[in-house]
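Before any comments, here is the structure.
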Amino acid sequence: MTKRNLKEEIKEKLADPILRNNLSRFAQQYPAARMKAYGNIGGDAEIDALRDDLRQMKRETVAHIEEVADEFQASLEKRGVKVFRAKDGDHLKQQLLQICKENGVKRIVKSKSMATEEIRLNDFLVKEGLHVKETDLGEWMLSVAGQHPSHMVMPAIHLNRKQCAKFFSDELKENIPSDIPFMVQTARRVLREEFLHADMGISGANFGIAENGMIGLVTNEGNARIVTTIPPIHVVIIGYEKLIPKTSDASKIMRLLPRNATGQRMVSYLTLVDGPTPIIREIDGKMVEDMKKVYVILLDNGRLEAAHDPKLNEVYQCVRCASCLNVCPIWTSVGGNVYGHIYSGGIGAILTGLLESSEAFSQFSDLCIGCRRCTTICPGKINIPDLIQELRNRRTEKVGLALPEKIMFQKVMTNRKLFHTLLRAASIGQKPVQSGRFIRNLPLFFAKMTEGRSLPAIAAKPLRDRTEELFKKNPKNPKMRVAFFSGCNIDFVFPDTGESVIKVLQDLGAEVVYPHDQSCCGKPVLGAGDVHTAKKIAIQNIKAFEKCNADYILAACPTCAETLMETYKEIFADDEKWLARSKAFGAKVREFTSFVAEEYKKQGRLVKVNGTSKVTYHDSCHMKRGLGIYKEPRALLEAAKGYEFVDMEGADKCCGMAGAFGMKYANISLRLLENKLNNIKATGAQTVAVACPACMMQIGGGLDKNLPNVKVKHVADILAENL
């Protein structure tokens, strides 16, 4: 695999005004178009029920994939279809070449097929001397341009009409104006000749029905139907993941696929192919009736191995609608071509890892920031970020970490005293570049890190050094005992927010304790795929909090809360002793705003008030889509004295921090931050409230550089002001 300069490719895409305009406009229009298409279905609950139905059907199918494939083949053969099975791309190419030779095929027309892109079929056929023509309008233009699809459904979405007109002109050797209807008519004229003279048509499939061997093709252009009907030979290339047991199962796909893919209730063409049919063709100058030949090649290429993987077989729930790309903040910023040769986005990373190699996967797997927008929309309910994380874990287990990460994670972060000593040293070392709470400018090659945003300074006195004084204000007759898990950011970057958390809890009648043996939650280590080291960190934290004998363990960082509550149980799934202890530990963990909102409601303190200072709220990705918490912080803000709450557009869109991603891919991070700042500015708010310290770092740094009159505050800080 060729090593790519991914950062340079990303830089180029971010600087492309056509790409930026196309993707941003599409990203704005898609959600509304999708929901409009679902208008006759009902609300979220009804849509969710359809997704559950599809997921269950797909799960049952993959559990019996060999039996389904055998039935599919038997049904096809009863109809007179010749069926082949290909273990990989090279095997399929040889099978197809043999079919071409046996039938004297010279000219081939193709309809859109990601499976053929996956195995680079066109390049192979051309090298073998065959004339191959893509007939999907987007695919045709890309083939002329020497490019590959950037999207599974809309392959040429990154191009505009002027670029398309140039490709038309280059291909046809005539001046083609950038008029879309004219280009469509031109394509129809040119491709019609290809259809009429083709010896073979090659298509993919959206589904293959086992009980009767029927092939389903879902398209918005008529080319696929012509490819499957006019040429005397039709070859279907279909992956195992497209197989479904019954005809009724196709409706489960069709109720979701068009709506999610293109925002349509139904596509223009649903073509069902059920075997050879009589055709009229010219033989030796005479028109005679003949039987069409139909071949089906069932492609494995890593699919069967994935089907038998208890974790990764979830990928079979994908119906290739690409809705996950449509809402992905990274894909909608840089497009699909930076991801690899064929599949893009989060689902593309998974498919590349399964169908190509872990090396290919590793080159762009960290472009998934784990925001989980894809999980809220995927018709098959695939947990894309978790599957990516599983592949990262396996990659790290196989090849290990890079030396800097290895030292940081395995030597420093597992040694709490060393880790915290280094943070304290950094707070002193930063003073030459520190300006108040921020580092606004860095010298030399570090300068790019402070372009467009300031960086937070490490506090001179961390929270752990303040607790002794703070706990003197614990109530004498507490209603509950609460242990505070601060996480690294609140402890060393935002200790003032930590003080606010403690004050709010004390006001609720809690005796607050702070175990000093606690360390990082381990999320950065887990993100890198180093599960072994993460277990060591988890054990340290579990032991530290077990000693507290607390009623609750509070975290004011949703990433920490989710890690403590859920991830610790997952990483100890094969360790009976620590699984039990992690479950007991996790059962006590609560996220700060949801806990406080619950207590305030009991006390009748969630009463809306009208203030004069506008405050808006940014939803952390882990908060809303990980923990499902978004109403509670808003209720707290609406009840905060002196503030008027206003929601912002795109409140739940990622701010671009995403842990180490914000530094590694600073240019994408800043693009996402720019969008967030624009939405904040549009509200007219003087304060942005957050419930995540990482988001506070990113948004606060952006505001400091771009909107210095607007301040960012943790919800805890606003609540503490009201006491």
Side-chain angles (χ1 to χ4, degrees), residues 2 4-31 33-34 112 114 117-118 134 136-164 166-167 260-263 320-352 356 360-361 363-371 373-374 377-378 384 388 650 653-654 656 658 661 664-675:
T2 304
R4 302 161 55 206
N5 190 333
L6 186 57
K7 290 190 176 181
E8 280 301 314
E9 292 180 37
I10 288 171
K11 183 179 179 181
E12 178 186 329
K13 298 302 180 186
L14 288 171
D16 184 339
I18 295 171
L19 178 73
R20 183 174 184 176
N21 180 62
N22 287 5
L23 297 185
S24 62
R25 188 172 66 248
F26 174 70
Q28 289 172 356
Q29 295 171 351
Y30 171 76
R34 175 182 175 271
K112 184 174 172 295
M114 293 303 292
E117 290 277 1
E118 174 190 321
E134 290 285 355
D136 173 270
L137 196 57
E139 292 276 358
W140 180 39
M141 286 184 289
L142 292 178
S143 66
V144 172
Q147 299 181 19
H148 293 286
S150 62
H151 189 280
M152 284 190 254
V153 175
M154 296 165 281
I157 191 173
H158 57 289
L159 303 176
N160 69 5
R161 58 190 179 91
K162 290 183 179 179
Q163 290 172 311
C164 294
K166 182 180 185 305
F167 297 143
N260 263 49
T262 53
R320 302 296 195 271
C321 69
S323 59
C324 54
L325 307 186
N326 301 346
V327 297
C328 173
I330 308 304
W331 186 90
T332 53
S333 296
V334 298
N337 290 133
V338 302
Y339 286 88
H341 179 66
I342 300 302
Y343 300 110
S344 61
I347 192 66
I350 298 166
L351 292 171
T352 298
E356 195 162 339
F361 160 82
Q363 291 196 29
F364 62 87
S365 67
D366 53 0
L367 286 181
C368 173
I369 56 176
C371 72
R373 287 183 69 84
C374 52
I377 202 169
C378 172
I384 292 172
I388 290 175
K653 289 185 178 179
C654 183
F661 175 90
K664 184 174 181 179
Y665 296 105
N667 46 3
I668 304 179
S669 177
L670 289 171
R671 178 64 55 81
L672 301 182
L673 176 60
E674 178 187 344
N675 295 335

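Because the structure is a prediction, the values reported are computed rather than measured.
- Side-chain contact between W140 and F167 is absent, with no heavy-atom pair separated by less than 4.5 Å.
- K112 and V153 make their closest contact through CE-O, 3.9 Å (heavy atoms, listed as atom of the first residue, atom of the second, distance).
- Between the W331 side chain and the S150 main chain, a donor and an acceptor come within less than 3.5 Å of each other.
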Stepwise side chain to side chain contact (heavy atoms under 4.5 Å, CB included) check, E117 with E139: CA-CA 10 Å; E117 290 277 1; E139 292 276 358; 2.8 Å; yes
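- Heavy atoms only, all atoms of each residue included: I388 and S365 are closest at CG2-O, 4.0 Å.
- When atom types are taken as modelled, the side chain of N22 and the backbone of L159 share a donor-acceptor pair closer than 3.5 angstrom.
- Looking only at distances, a side-chain donor or acceptor of K7 sits under 3.5 Å from a matching main-chain atom of K664.
- F364 places a side-chain heavy atom less than 4.5 Å from the side chain of T352.
- Of all the heavy atoms in C371 and P329, the pair that sits closest is SG-CD, 3.7 Å.
- Under the 4.5 Å side-chain criterion, counting only non-hydrogen atoms from C-beta, C654 is in contact with I369.
- In this structure, the separation between CD1 on I18 and CG on N160 is 4.0 Å, given to the nearest 0.5 Å.
- The CD atom of Q163 lies 9.0 Å from the CG atom of L19; values are rounded to the nearest 0.5 Å.
- Between L142 and H148, the closest side-chain pair of non-hydrogen atoms is not below 4.5 Å.
- Across all non-hydrogen atoms, the minimal contact from A261 to N326 is O-ND2, 3.8 Å.
- The one candidate from I384, T332, V327 that meets the side chain to side chain contact (heavy atoms under 4.5 Å, CB included) condition with R373 is V327.
- The shortest non-hydrogen separation linking A349 to F361 is O-CD1, 3.2 Å.
- Closest approach of I342 and M114 over heavy atoms only: CG2-CE, 3.5 Å.
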Determine, step by step, whether R34 and I377 satisfy the side chain to side chain contact (heavy atoms under 4.5 Å, CB included) criterion, reporting the C-alpha distance in whole Å, the side-chain angles of both residues, the deciding distance to 0.1 Å, and the verdict. CA-CA 10 Å; R34 175 182 175 271; I377 202 169; 3.3 Å; yes
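- Residues H151 and S344 have side chains not in contact (no heavy-atom distance under 4.5 Å, counting atoms from C-beta outward).
- Within the cation-pi definition used here (under 6.0 Å to the ring centroid, within 45° of the axis), R320 qualifies as a partner of Y343.
- The closest donor-acceptor contact from the side chain of Q29 to the backbone of F26 lies at 3.5 Å or more, if one exists at all.
- Side chains of L672 and I330 form a contact here, defined as non-hydrogen atoms less than 4.5 Å apart.
- Counting only distance, with no hydrogens or angles, the side chain of Y30 and the backbone of N260 share a donor-acceptor pair below 3.5 Å.
- Between the side chains of D16 and H158, no donor-acceptor pair is found at a separation under 3.5 Å.
- Contact check for K653 versus N675: no side-chain heavy atoms found under the 4.5 Å cut-off.
- Using a 4.5 Å heavy-atom cutoff, the side chains of L367 and Y665 are in contact.
- At least one donor-acceptor pair under 3.5 Å links the side chain of S24 to the backbone N or O of R20.
- Taken to the nearest 0.5 Å, the CD1 atom of I347 stands 12.0 Å off from the SG atom of C328.
- Among the candidates K11, E9, K13, E12, the single residue satisfying the side chain to side chain contact (heavy atoms under 4.5 Å, CB included) test with V334 is K13.
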